[in-house]
Amino acid sequence: MAVLVTGGAGYIGSHMANELIDAGEDVVVLDDLSAGFWWAVPPEATLVQGDAGDQALVARIIREHGVDAVAHFAAKIVVPESVVDPLGYYLNNTVKTRALIETAVRAGVRRFIFSSTAAVYGEPSANPIPEDLPLAPINPYGRSKMMSEWMLRDAGAAHGLGYVILRYFNVAGADPKGRTGQSSPNATHLIKVAAQAALGKRPFMEVFGVDFPTKDGSGVRDYVQVTDLVRAHVAALKHLRAGGESLVCNCGYGSGYSVLEVIDTVKKVSGANFTVKLSPRRAGDPAALTAKADLIREKLHWQPEFDDLETIVQQALAWEERLVRKNAA
Ligand code: UDP
């Protein structure tokens with residue numbers, strides 16, 4: 001029995017691979033290494049370089065390793081990039097997910113855990129957002145994930161594939177043991193960018209929009225620590241293996257911080273007073289996204305351990321420093 005982790009050399013997927021190894025699972029990572037790093041994959045896991053949409057390759061992996069569950073992380077994840085390259089996003093996130101679901105069904109895999117996103121809600125009419133709010137994504141990234149959710153639900157109903165769809169809010173921080181973290185040099189996500197500015201890797205950073213209808217005008221997000229997030233996937237795996245029902249759950253803490261609050265926290269924790277510029281809104285950004293976070297606790301017995309912005313920021317800074325040393329070595 002093994003778990004196939006697509007995108008397992010990437011930020012969230014590599015945390016998942018470590019968490020599964022810690023739990024004593026056999027792990028096969030499938031990653032095209034376009035955004036991931038071979039060294040981020042734990043040595044106990046098998047790394048296959050390839051495409052999650054390559055049906056012959058995936059069928060062979062499932063057969064050879066006795067894969068009983070797929071955790072599908074491989075995706076493009078940058079909202080503004082999806083606005084300028086929608087077809088790239090639909091190919092990578094939607095078309096290849098269709099191929100992967102089909103391969104799993106044909107090979108008799110009965111469990112599928114899918115990385116979805118709060119972006120499926122668009123500009124939500126309620127905050128915190130309940131899972132049953134009608135989906136209305138406002139950018140191609142959100143639509144690419146919404147379509148994957150639909151396919152998974154329909155394939156689940158038609159073919160008996162059990163699934164857990166986790167809608168991530170804003171994932172941040174790093175492995176508390178320091179094994180992996182957000183490593184992309186061109187990352188665009190707020191806490192990563194602020195950590196880079198704090199360490200002098202960027203001359204300044206920008207706040208994208210201070211005219212949103214929020215507490216201080218900047219965007220509000222629910223920042224969830226990455227180890228907590230992947231533990232929800234391990235809980236989902238256990239749930240499905242025990243014969244539990246298919247689920248769609250938000251994965252966030254239920255509280256939001258503004259961009260300006262996050263930047264203040266990074267300045268406080270790092271002690272660095274980096275330059276912050278106020279810039280126009282970024283394409284496709286909603287004002288506020290916070291999770292109604294009850295379902296995941298109830299159904300998966302999820303108990304987060306790192307629900308604290310300062311802790312998340314400390315981990316992000318520690319990983320960023322580690323990257324500096326890694327690159328210098
Ligand atoms: N943001 C920002 N400056 C940056 C990166 C992000 O002001 O350099 C803002 C962005 O506009 C949004 C929030 O931070 O309001 C979170 O953005 P991020 O890209 O981290 O995640 P997203 O919510 O887009 O998935």
Side-chain angles (χ1 to χ4, degrees), residues 10-12 35 73 75-85 89 93 115-124 127-129 137-146 166-174 181-199 201-226 229 250-253 255-267 270 272 274-291 309 312-313 315-316 319-320:
Y11 171 44
I12 302 172
F73 294 87
K76 286 175 168 279
I77 56 156
V78 180
V79 168
E81 188 183 59
S82 80
V83 175
V84 296
D85 182 23
Y89 270 65
N93 292 2
S115 308
S116 190
T117 168
V120 297
Y121 297 116
E123 193 74 75
N127 255 310
I129 308 169
I138 56 170
N139 51 58
Y141 170 63
R143 284 188 278 271
S144 74
K145 290 283 186 175
M146 180 181 72
L166 293 172
R167 293 184 180 147
Y168 304 170
F169 282 67
N170 286 61
V171 189
Q182 168 59 277
S183 305
S184 164
N186 305 317
T188 57
H189 290 106
L190 177 66
I191 291 181
K192 168 89 178 176
V193 167
Q196 289 180 327
L199 293 182
K201 288 186 180 182
R202 293 172 184 257
F204 64 89
M205 69 168 293
E206 294 173 274
V207 177
F208 297 127
V210 282
D211 58 349
F212 287 106
T214 58
K215 46 188 159 186
D216 59 20
S218 66
V220 168
R221 297 290 185 273
D222 185 339
Y223 293 92
V224 54
Q225 196 274 347
V226 60
L229 178 99
N250 286 337
C251 196
Y253 294 139
S255 49
Y257 293 95
S258 73
V259 173
L260 295 173
E261 287 172 334
V262 169
I263 292 173
D264 278 351
T265 305
V266 175
K267 287 190 170 181
S270 67
F274 48 89
T275 303
V276 177
K277 296 186 182 175
L278 305 185
S279 299
R281 293 183 187 193
R282 214 170 52 169
D285 271 353
L289 295 171
T290 56
L309 186 61
I312 293 172
V313 164
Q315 292 174 349
W319 179 254
E320 214 50 49

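Both counts, for ligands and for their atoms, begin at 1 and track the order of listing.
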Any donor-acceptor pair under 3.5 Å from S218 side chain to L260 backbone: yes
Any Y223 heavy atom less than 4.0 Å to ligand 1: yes
N/O donor-acceptor pair under 3.5 Å between K192 side chain and A316 backbone: no
Nearest non-hydrogen protein atom, atom 19 (O) of ligand 1: R282 NH2, 2.9 Å
G209 backbone acceptor or donor facing R281 side chain under 3.5 Å: no
Minimum-distance pair of heavy atoms, taken over all atoms of Y141 and N93: CD1-ND2, 3.9 Å
Chi angles and distances behind the side-chain contact (heavy atoms from CB on, under 4.5 Å) call for E261, L309: CA-CA 10 Å; E261 287 172 334; L309 186 61; 5.5 Å; no
Closest protein heavy atom (residue, atom, distance) for atom 10 (C) of ligand 1: D285 OD2, 3.4 Å
Protein heavy-atom partner closest to atom 25 (O) of ligand 1 - residue, atom, separation in Å: N170 ND2, 3.8 Å
Enumerated ligand 1 atoms positioned under 4.0 Å from heavy atoms of T188: 5 (C), 19 (O)
Distance filter under 4.0 Å to H189 heavy atoms, resulting ligand 1 atoms: 18 (P), 19 (O), 20 (O), 21 (O)
For atom 3 (N) of ligand 1, the protein heavy atom that lies nearest, with its residue and separation: E206 O, 2.7 Å
M205-ligand 1 polar pair, N/O distance under 3.5 Å: no
Contact check, side chains of L289 and F169, non-hydrogen atoms, under 4.5 Å: yes
Nearest neighbour in protein (non-hydrogen) for atom 12 (C) of ligand 1: R221 NH2, 3.8 Å
Nitrogen or oxygen atoms of V79 and ligand 1 under 3.5 Å apart: no
Atom 4 (C) of ligand 1 - nearest protein heavy atom and its distance: F208 CE1, 3.4 Å
Flag for N139-Y89: side-chain donor and acceptor within less than 3.5 Å: no
pair I77-H189: side-chain heavy atoms closer than 4.5 Å: yes
Which residue and heavy atom of the protein sit nearest atom 14 (O) of ligand 1, plus the separation: V259 CG2, 3.4 Å
Atoms in ligand 1 flagged as close to V207, the criterion being non-hydrogen separation under 4.0 Å: 7 (O)
Identity and distance of the protein heavy atom lying nearest atom 20 (O) of ligand 1: L190 N, 2.8 Å
Pair S184-Y11, side chain to side chain donor-acceptor pair (under 3.5 Å): steps then yes or no: CA-CA 8 Å; S184 164; Y11 171 44; over 6 Å; no
